[in-house]
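This report concerns only the one structure given below.
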Amino acid sequence: MLFVPGDSESKIAKSEQVAPDAIILDLEDAVAPANKARARGTVRDYLLATRGRRTRAVYVRINPLATEQALGDLAAVMQGAPDGIVQPKAGSPAEVRKLGYYLDAYETQFGIQPGSTRILPVATESPEAMFALGAYAQVGPRLAALTWGAEDLSAAIGAITNKGGHGEWSAPYMLARSLCLFAASAARVGAIDTLYADFRDSAGLAASAGRARRDGFAGKIAIHPAQVEVINQAFTPSADELAHARRVVGAFVDNPGAGTLSLDGSMLDMPHLIQAQKIIALAARS
Ligand code: COA
Ligand code: MG
């Protein structure tokens with residue numbers, strides 16, 4: 001999912017040259033206060049111009065629900081029927097449900113299929129939010145996925161940095177990352193890994209995206225067009241992976257009724273079968 005500042009017509013146009021699953025037009029922290037009003041208009045116009053004929057999902061990151069800008073953002077952009085809303089600094093599933101009620105009203109007003117506007121909460125941006133991650137299933141079908149962020153969280157708790165000496169997340173942020181993963185899984189939605197800020201370091205990004213996929217994330221945020229292909233590649237099963245997954249499934253098909261099997265000297269049981277089926281499904285989608 002590629003973030004694009006909502007006040008930049010040129011970046012919105014540039015985003016057409018790459019193929020993310022979704023773009024996120026930002027009205028929050030990538031837009032300076034003086035440009036917020038103009039960004040709303042730019043995002044609204046883009047949504048109206050593309051409504052009903054989009055080749056990829058278009059999400060909008062509004063300002064946090066606790067600010068006075070949030071409703072103005074929704075009032076402006078909902079007429080363009082965005083595919084989803086990114087909710088920054090989401091404090092709890094209850095707060096996400098509240099956004100859902102607003103969407104109910106705007107969908108009725110603007111002739112949008114009720115319930116079709118999805119929500120992607122940024123679910124770890126405050127200390128309070130960390131203790132509310134267990135109940136995101138309560139949000140219901142609007143919940144698109146969960147993502148996490150380390151920058152606002154570290155600012156909120158007064159950290160000097162959120163990175164260790166080798167550039168890796170320090171322990172508090174690894175916890176936020178892990179809890180996002182578990183929270184999303186418990187809510188039966190995907191987890192989207194946070195951004196990799198150093199956008200010229202494609203090797204570092206590939207490694208970070210690889211770790212995210214290894215751990216169970218379904219995708220990753222991009223902030224620069226050059227990051228999109230690297231991330232897409234990292235989340236596409238390799239030919240070897242796919243071949244192995246097919247052999248695992250084949251081994252179970254060939255041995256109906258077997259709960260456990262051996263393949264190449266390794267033990268296989270149900271979790272391996274499920275994992276192999278997921279890889280085949282992921283490859284079919286990409
Ligand atoms: N989406 C679309 N186009 C983008 C882009 C983005 N996120 N980031 C950069 N581009 C465009 C640039 O405008 C430039 O276009 P041009 O060739 O027509 O001039 C081209 O891609 C190359 O950009 P580059 O010069 O390498 O980077 P930059 O210095 O212009 O921009 C950032 C760097 C970080 C300011 C920019 O990538 C950006 O705005 N990222 C998104 C930030 C954001 O939304 N943050 C909120 C979530 S944390
Ligand atoms: Mg933020």
Side-chain angles (χ1 to χ4, degrees), residues 1 3-7 24-44 47 59-80 82-110 115 117-140 142-159 162 172-173 175-177 179-180 183-184 187 189 191-192 194-195 221 223:
M1 302 181 81
F3 260 107
V4 185
D7 61 346
I24 303 170
L25 299 175
D26 193 23
L27 298 177
E28 199 214 10
D29 288 347
V31 179
N35 294 341
K36 295 256 184 197
R38 191 167 55 79
R40 265 183 197 162
T42 301
V43 169
R44 179 203 56 216
L47 288 165
Y59 278 58
V60 178
R61 182 167 75 170
I62 60 169
N63 286 281
L65 231 46
T67 65
E68 58 188 17
Q69 293 142 329
L71 280 174
D73 290 343
L74 288 174
V77 303
M78 283 305 291
Q79 58 194 292
D83 297 279
I85 300 293
V86 173
Q87 184 174 2
K89 303 178 179 70
S92 65
E95 215 183 284
V96 176
R97 283 212 307 278
K98 185 172 166 189
L99 172 58
Y101 300 140
Y102 294 145
L103 297 181
D104 289 340
Y106 285 116
E107 285 169 342
T108 304
Q109 182 181 359
F110 295 121
T117 313
R118 313 296 300 282
I119 303 176
L120 171 60
V122 190
T124 68
E125 291 194 302
S126 69
E128 299 80 8
M130 295 293 294
F131 295 96
L133 285 165
Y136 268 97
Q138 288 172 5
V139 173
R142 279 195 195 277
L143 192 68
L146 291 179
T147 188
W148 71 285
E151 304 306 333
D152 290 279
L153 183 60
S154 55
I157 65 178
N162 48 31
Y173 311 97
L175 178 67
R177 177 183 182 276
L179 287 176
C180 172
V189 296
I192 310 294
T194 197
L195 60 98
I221 298 288
I223 51 151

Please report the shortest heavy-atom distance between [X] and [Y], naming the atom on each side.
X	Y	answer
Leu146	Cys180	O-SG, 3.9 Å
Met78	Leu103	SD-CD2, 3.8 Å
Ala183	Leu133	CB-O, 3.2 Å
Ala70	Leu65	CB-CA, 3.8 Å
Ala156	Glu125	CB-O, 4.5 Å
Ala145	Val189	CA-CG2, 3.7 Å

Has the side chain of [X] got a donor or acceptor atom that lies under 3.5 Å from a matching backbone atom of [Y]?
X	Y	value
Glu107	Thr117	yes
Arg118	Leu143	yes
Asn63	Thr67	no
Gln87	Pro121	no

Any side-chain heavy-atom pair from [X] and [Y] closer than 4.5 angstrom?
X	Y	answer
Leu153	Pro127	yes
Pro64	Glu28	yes
Val122	Asp152	no
Met1	Leu120	yes
Arg61	Asp29	yes
Glu95	Lys89	no

Notebook entry, point to check: Does atom CZ of Phe110 have more than 12 heavy-atom neighbours from other groups under 6.0 Å away?
Noted result: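 Yes, enclosed.
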
Notebook entry, point to check: Should we count NZ of Lys36 as having more than 12 external heavy atoms under 6.0 Å?
Noted result: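 Enclosed.
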
To the closest 0.5 Å, what do you measure between [atom1] ([X]) and [atom2] ([Y])?
X	Y	atom1	atom2	value
Thr124	Leu179	OG1	CG	9.0 Å
Thr194	Trp148	OG1	CH2	5.5 Å
Tyr106	Leu71	OH	CG	5.0 Å
Asp7	Asp26	CG	CG	9.0 Å
Ile192	Ile24	CD1	CD1	8.5 Å
Ile223	Leu195	CD1	CG	5.5 Å

Margin query: With side-chain contact (heavy atoms from CB on, under 4.5 Å) as the criterion, how do Ile85 and Asp73 come out once you've worked through the C-alpha distance, each side chain's angles and the decisive distance to 0.1 Å?
Written below: CA-CA 10 Å; Ile85 300 293; Asp73 290 343; over 6 Å; no

Next item on the list: Run the numbers on Arg44 and Gln79 for side-chain hydrogen bond (donor to acceptor under 3.5 Å, both in side chains), then give the verdict.
Entry: CA-CA 7 Å; Arg44 179 203 56 216; Gln79 58 194 292; 5.0 Å; no

Notebook entry, point to check: For Ile62 and Leu74, what are the C-alpha separation, side-chain angles and deciding distance, and is it a side-chain contact (heavy atoms from CB on, under 4.5 Å)?
Noted result: CA-CA 7 Å; Ile62 60 169; Leu74 288 174; 4.1 Å; yes

